[in-house]
Novice: 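Let me give you the structure first, and then I'll get to my questions.
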Amino acid sequence: MDIKNRIDELRETLHRHNHNYYVLNNPEISDRDFDMMLKELESLESAHPEYYDPLSPTQRVGSDLTKGFEHVTHERPMMSLANTYSIEEVDEWAKRVDKTLEGEDYSIVGEMKFDGTSISLTYKGGRLVRAVTRGDGAQGDDVTANVKTIRSIPLQLMPGDWPDEFEIRGEILMPWEVFERLNAERAYNEEPLFANPRNAASGTLKMQDSREVAKRHLDARFYYLLSDNLPFDNHYENMLAAEHWGFKVSKAMALLKSLGQIDEYISYWDDHRKELPVATDGLVFKVNSLRQQLNLGYTAKSPRWAVAFKFNPERACTPLRFVSFETGRMGIVTPVANLEPVQLSGTIVKRASLHNDDVMQELDIHEGDSLYVEKAGEIIPQITGVDLSLRPSGAKKVVFVKNCPECGTPLTRIFGEAAWCCPNKYGCRPQITGRIEHFCARRMMDIDGIGEETAELLYASGLVTTIGQLYDLKEEQLAGLDRIGPKTAARIIRGIEDSKKVPFERVLYALSIPNVGETTAKRIAMSVVSMEAMEKMTLEELTAIPDVGPIIARNIYDFLREPINRANIAALRRAGVQLEVAAEKLIPSGDALAGKSIVISGTFSHHSRDEYKEIIAAEGGKNVGSISKKTSFVLAGENMGPAKKEKCEQLGIPMISEDEFLKMIQDN
């Protein structure tokens with residue numbers, strides 16, 4: 001391959017990985033692999049300036065800009081740091097600093113490199129006024145409303161000598177404990193798992209509903225202070241001051257005076273970082289003196305006075321025993337690598353998901369291969385490659401199954417996705433038992449005593465093959481089953497009886513309608529009011545429900561026309577399960593908006609969109625999804641789309657701000 005083709009190939013590949021990382025929050029390769037490719041491209045471009053391209057990945061910092069937030073230009077660009085992967089490379093950086101400073105005394109600040117999503121906060125008069133993501137380094141997204149939900153970030157500073165106006169930079173993080181809980185919930189609902197806490201934090205920060213952001217319990221650490229009026233002339237004391245003002249600053253920050261201390265710092269944290277409650281992927285070293293930072297200056301992409309040291313992920317190579325294919329509740333078949341047990345990051349790894357057919361094809365796994373396994377984010381086992389030198393002669397390639405491993409039904413590919421699915425929804429055992437378990441779970445019908453094992457037992461005994469049959473169970477039937485004694489049987493029957501009081505929105509979630517999760521079920525329930533009304537709705541009427549797109553509408557429509565589902569709903573109705581919204585939820589608490597049709601558009605600071613929908617309903621108004629001549633007014637938040645503004649102006653529809661709307665309610 002000639003030089004020009006190699007440069008073009010690297011640019012195309014890096015652009016794609018930039019998009020996966022910053023836009024989709026779904027990286028396909030490790031940071032180290034990305035950096036190695038970028039370094040190769042930089043070297044080739046330097047040697048061959050005739051192939052210069054102003055849009056090359058080497059000319060910019062990757063972007064995480066989205067269309068859902070206002071774009072804000074950074075007053076001071078947020079540059080990336082040069083990366084190193086060995087103590088020797090850090091020592092070389094320190095020697096270059098020493099040479100540039102011409103022997104002048106200097107000290108280095110060592111810090112943890114937290115693995116989150118970068119944020120810039122601006123404070124005026126001791127109050128938070130704006131939070132902006134790193135974006136492309138020149139501009140980012142205004143996520144102030146979401147950042148306000150993070151309890152470790154001060155909205156009002158503690159008393160101190162803080163400047164009247166300053167910027168502080170840091171990382172938004174998702175603690176390990178929260179990450180594990182979130183992925184457990186997503187696994188249960190057969191949703192794609194977050195690869196690591198960084199992606200989970202980034203995805204959470206870009207959610208449109210700040211109330212949902214608050215539920216994720218994000219955290220933050222801060223590492224740099226910028227202002228024209230800083231309290232000290234060095235980085236270390238400025239960060240200690242920021243800590244006194246109320247910011248979370250890492251306790252790992254240390255003032256280092258020699259190369260020996262730097263090396264000891266790296267060795268210490270390579271082990272002890274695993275004890276921290278949040279993810280890290282390296283260390284950062286900064287020249288302490290702000291004057292010396294200024295003298296050292298910047299390259300086109302990064303400051304010369306700082307460098308990042310990246311930890312290598314713990315990796316092991318272990319033989320593949322076999323690949324199993326497992327069918328989940330929604331019929332999706334997942335390939336799983338079953339491995340010879342290997343210790344990794346303190347735990348024994350025996351299994352690792354291969355995710356889907358596309359990933360299997362990319363890895364090109366053969367029978368008897370030795371696979372490289374890492375802990376993605378140091379918690380989720382992930383297959384990252386194959387040691388080809390250990391491949392047995394004549395080994396056969398592992399191919400994705402054509403039929404469901406449980407019921408033998410030919411698999412179908414989900415349109416637009418990499419997943420293969422078993423279409424035998426109502427005759428495939430793990431799909432049936434999965435729906436029974438889901439229906440009985442705490443956040444659904446909350447039937448105590450029926451988990452995965454009991455759902456399998458009830459199905460195997462023939463007592464429960466559909467959720468409607470749960471309400472026909474008798475205590476004596478249960479007491480005769482293995483592992484179910486009289487007390488457990490009584491508890492299950494009591495739970496089934498109590499489930500008849502569960503509100504309609506949770507019943508809707510419990511039914512396992514594809515793509516209808518907890519939040520969506522609540523929105524649908526408040527819009528349709530009753531199951532009877534929803535059963536009569538056309539596809540067009542379902543699509544018109546706020547926040548229900550054509551895919552979810554089609555799933556609901558098809559679900560309600562399946563004979564087994566109709567029989568289940570009829571059984572729930574006979575049993576007395578709540579299939580309509582409680583009357584008290586529909587009674588307006590006021591009449592400030594009586595008779596008004598209101599469209600909600602944009603993002604808000606005081607309440608989420610869902611909360612505003614509830615306020616509108618409580619005050620006698622009606623929330624509608626699109627602007628028409630019948631619209632009374634638009635509740636207009638920030639980032640309202642230009643098309644909607646133009647339509648309001650054409651039709652003469654008033655646009656009421658968030659504060660004006662709340663005053664309208666209060667005055668009434």
Side-chain angles (χ1 to χ4, degrees), residues 25-27 114-117 143 146-153 171-221 248 273-281 313 326 328-330 332 334 336 344-353 355 374-382 434 437-453 455 502 505-506 509-510 512 515-522 608 610:
N25 295 316
N26 186 28
F114 292 103
D115 199 13
T117 186
V143 290
N146 287 347
V147 163
K148 284 180 179 178
T149 69
I150 303 173
R151 294 181 180 271
S152 57
I153 292 179
E171 294 280 312
I172 302 296
L173 307 165
M174 179 172 284
W176 284 118
E177 183 181 357
V178 178
F179 173 72
E180 292 170 28
R181 186 169 66 245
L182 176 61
N183 259 354
E185 291 174 2
R186 294 175 74 87
Y188 180 79
N189 291 318
E190 295 192 26
E191 297 172 339
L193 300 185
F194 285 114
N196 49 50
R198 176 190 61 212
N199 296 99
S202 179
T204 299
L205 199 62
K206 294 299 185 69
M207 294 174 76
Q208 297 293 327
D209 187 341
S210 58
R211 184 170 58 178
E212 291 301 312
V213 176
K215 292 178 182 177
R216 296 281 182 90
H217 302 292
L218 294 176
D219 202 351
R221 299 291 188 279
K248 231 175 179 179
R273 65 192 173 99
K274 298 168 186 176
E275 303 165 6
L276 297 173
V278 292
T280 62
D281 64 348
E326 302 174 7
R329 172 173 62 96
M330 304 306 287
I332 295 172
T334 302
V336 177
L344 203 61
S345 295
T347 60
I348 300 296
V349 175
K350 299 178 182 179
R351 288 161 50 91
S353 172
H355 304 293
E374 296 179 4
K375 285 262 189 103
E378 295 184 357
I379 191 160
I380 303 172
Q382 178 174 300
E437 181 191 357
H438 176 79
F439 185 83
C440 298
R442 181 177 58 83
R443 288 163 58 189
M444 297 76 175
M445 303 303 285
D446 195 18
I447 299 175
D448 189 20
I450 301 183
E452 181 181 359
E453 288 186 9
V502 167
E505 57 266 28
R506 281 172 54 190
Y509 177 34
S512 289
N515 298 114
V516 177
E518 188 173 10
T519 301
T520 304
K522 183 176 180 180
S608 69
D610 281 347

Novice: With respect to Leu182, which candidate in His217, Met174, Lys215 satisfies the side-chain contact (heavy atoms from CB on, under 4.5 Å) definition?
Specialist: Met174
Novice: Taking atom CD of Glu177 as the centre, report whether more than 12 heavy atoms of other residues, nucleotides or ligands fall under 6.0 Å from it.
Specialist: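 Not more than 12 within 6.0 Å, no.
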Novice: If you take all heavy atoms of Lys206 and Val143, which pair is closest and at what distance?
Specialist: CD-CG1, 4.4 Å
Novice: Could you pull out the closest heavy-atom pair between Val502 and Met444, with the gap in Å?
Specialist: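 What the structure gives for the nearest pair is CG1-O, 3.7 Å.
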Novice: Return yes if some donor-acceptor pair links the side-chain N/O of Glu171 with the main-chain N/O of Gly116 below 3.5 Å, else return no.
Specialist: yes
Novice: Determine whether more than 12 heavy atoms belonging to other residues, nucleotides or ligands lie under 6.0 Å from atom CZ of Arg181.
Specialist: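 Yes, the 6.0 Å shell around CZ holds more than 12 heavy atoms from other groups.
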Novice: If you round to the nearest 0.5 Å, how far is CG of Asn146 from OG1 of Thr204?
Specialist: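 Going from OG1 on Thr204 over to CG on Asn146, the span is 9.0 Å.
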Novice: Which residues pass the side chain to side chain contact (heavy atoms under 4.5 Å, CB included) test with Ala220, sequence neighbours left out?
Specialist: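 Per chain and number, Ala220 pairs via side chain to side chain contact (heavy atoms under 4.5 Å, CB included) with Ser152, Ile153, Ile172, Phe222.
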Novice: Search all heavy atoms of Arg216 against all heavy atoms of Val178 and return the closest pair with its distance.
Specialist: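 Shortest heavy-atom separation between Arg216 and Val178 comes out as O-CG1, 2.9 Å.
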Novice: Taking all atoms of both residues into account, what is the closest heavy-atom pair of Ser512 and His438, and its distance?
Specialist: OG-CD2, 3.2 Å
Novice: With sequence neighbours excluded, what pairs up with Asp448 under the side chain to side chain contact (heavy atoms under 4.5 Å, CB included) test?
Specialist: Arg491
Novice: Work out which heavy atom in Ile450 is nearest to a heavy atom in Ala455; give both atom names and the distance.
Specialist: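 In terms of heavy atoms, the two residues are closest at CG2-N, 4.2 Å.
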Novice: Just to verify, what does Arg221 make a side chain to side chain contact (heavy atoms under 4.5 Å, CB included) with, not counting sequence neighbours?
Specialist: Phe114, Leu173, Asp219, Lys248, Pro277, Val278
Novice: To the nearest 0.5 Å, how far apart are CZ in Arg506 and CZ in Arg443?
Specialist: 10.0 Å
Novice: Side-chain contact, heavy-atom cut-off 4.5 Å: Thr520 with Asn515?
Specialist: no
Novice: Under 4.5 Å between any side-chain heavy atoms of Tyr509 and Glu518, yes or no?
Specialist: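 With C-beta onward as the side chain, the pair touches.
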